[in-house]
*Asks:* 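This structure is in structure tokens; I'll ask about it shortly.
Numbers here simply count residues along the sequence, with the first being 1.
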Amino acid sequence: FRENHAMSLSYSQWAASARRLTIGQVRAYSGPDGKNEYMCLETGVGSGTIYDERRLFANEADALKAAETMAAVENANQDGWVAKQYAETIKLCDYQLKDAEIDAAKSTARQARLSVGYLVDDLDDAISLDDVKTRIAAWREDSQ
């Protein structure tokens, strides 16, 4: 059995977040692409996350404001992964609904078999006809 993630009804969105990090290493590049990258102690220096200078801010308030803007832009992007994920979640076809109906019927039948199986196991332990009647009555009450 292999799950088809495109048929999932779950949905994700970008959410803004910011946190204080301690710079542990700086990488400076020269040339036309001259950029600075940072590695932080909290995410690993030497083999951790690399942060582009444009995504680092002097304080948490500025970082959070920039993160909120970036999240809003990504969530509004019609070609972004969130929009594509959302588009997939609303594509319901007849076969999907039929599959769900079949799965529900199979689940109901499986539960009924288990319930009857438990009753039979319980009746095996009965010691008299009155005990059988009592156990059947309890089973019927539990099954409703």
*Asks:* Under a 3.5 Å distance rule, please check whether Thr108 uses its side chain to pair with a backbone N or O of Ala104 as donor and acceptor.
*Replies:* yes
*Asks:* Looking at CZ of Arg110 and CG of Leu114, how far apart are the two atoms once the value is rounded to the nearest 0.5 Å?
*Replies:* 8.0 Å
*Asks:* Remaining members of Leu64's ILVMFWY cluster at a side-chain heavy-atom cut-off under 4.5 Å?
*Replies:* none
*Asks:* Cluster question for you: counting only ILVMFWY and a side-chain heavy-atom cut-off of under 4.5 Å, with indirect links fine, are Leu21 and Leu41 together?
*Replies:* no
*Asks:* Name all residues meeting the salt bridge (Lys or Arg N to Asp or Glu O under 4.0 Å) criterion together with Arg135; count only those two or more places apart in sequence or in a different chain, and write none if there are none.
*Replies:* Asp122, Asp131
*Asks:* Check which hydrophobic residues are tied to Val132 through side-chain heavy-atom contacts below 4.5 Å, counting indirect links as well, and list them.
*Replies:* Val116, Leu119, Val120, Leu123, Ile136, Trp139
*Asks:* How long is the gap from CG on Asp62 to CG on Leu56, to the nearest 0.5 Å?
*Replies:* 12.5 Å
*Asks:* List, by chain and number, the other hydrophobic cluster members for Ile127, where Ile, Leu, Val, Met, Phe, Trp and Tyr join if side-chain heavy atoms come within less than 4.5 Å, directly or indirectly.
*Replies:* none
*Asks:* So, taking the atom named CZ in Arg140 and the one named OG in Ser115, what distance separates them when rounded to the nearest 0.5 Å?
*Replies:* 11.5 Å
*Asks:* Does anything in residues 42-56 pair up under salt bridge (Lys or Arg N to Asp or Glu O under 4.0 Å), and if so which pairs, sequence neighbours excluded?
*Replies:* Asp52-Arg54
*Asks:* By side-chain hydrogen bond (donor to acceptor under 3.5 Å, both in side chains), which residues pair with Asp125, not counting sequence neighbours?
*Replies:* none
*Asks:* The criterion is side-chain hydrogen bond (donor to acceptor under 3.5 Å, both in side chains); which residues satisfy it with Lys35, sequence neighbours excluded?
*Replies:* Glu37
*Asks:* Please identify each residue that fulfils salt bridge (Lys or Arg N to Asp or Glu O under 4.0 Å) with Lys133, with sequence neighbours left out.
*Replies:* none
*Asks:* Just verifying a value: how many Å separate Thr22 OG1 and Met39 CE, rounded to the nearest 0.5 Å?
*Replies:* 14.0 Å
*Asks:* Starting from Leu129 and following side-chain heavy-atom contacts under 4.5 Å between hydrophobic residues (I, L, V, M, F, W, Y), which residues can be reached?
*Replies:* none
*Asks:* Mind checking side-chain contact (heavy atoms from CB on, under 4.5 Å) for Thr49 and listing every partner two or more places apart, or none if nothing turns up?
*Replies:* Thr43, Tyr51
*Asks:* Tell me every residue that passes side-chain contact (heavy atoms from CB on, under 4.5 Å) with Ala67, counting only those two or more places apart in sequence or in another chain.
*Replies:* Ala16
*Asks:* What residue pairs, at least two apart or across chains, pass salt bridge (Lys or Arg N to Asp or Glu O under 4.0 Å) with a residue in residues 15-30?
*Replies:* none
*Asks:* Answer yes or no: does atom OH of Tyr118 have more than 12 heavy-atom neighbours from other residues, nucleotides or ligands under 6.0 Å?
*Replies:* no
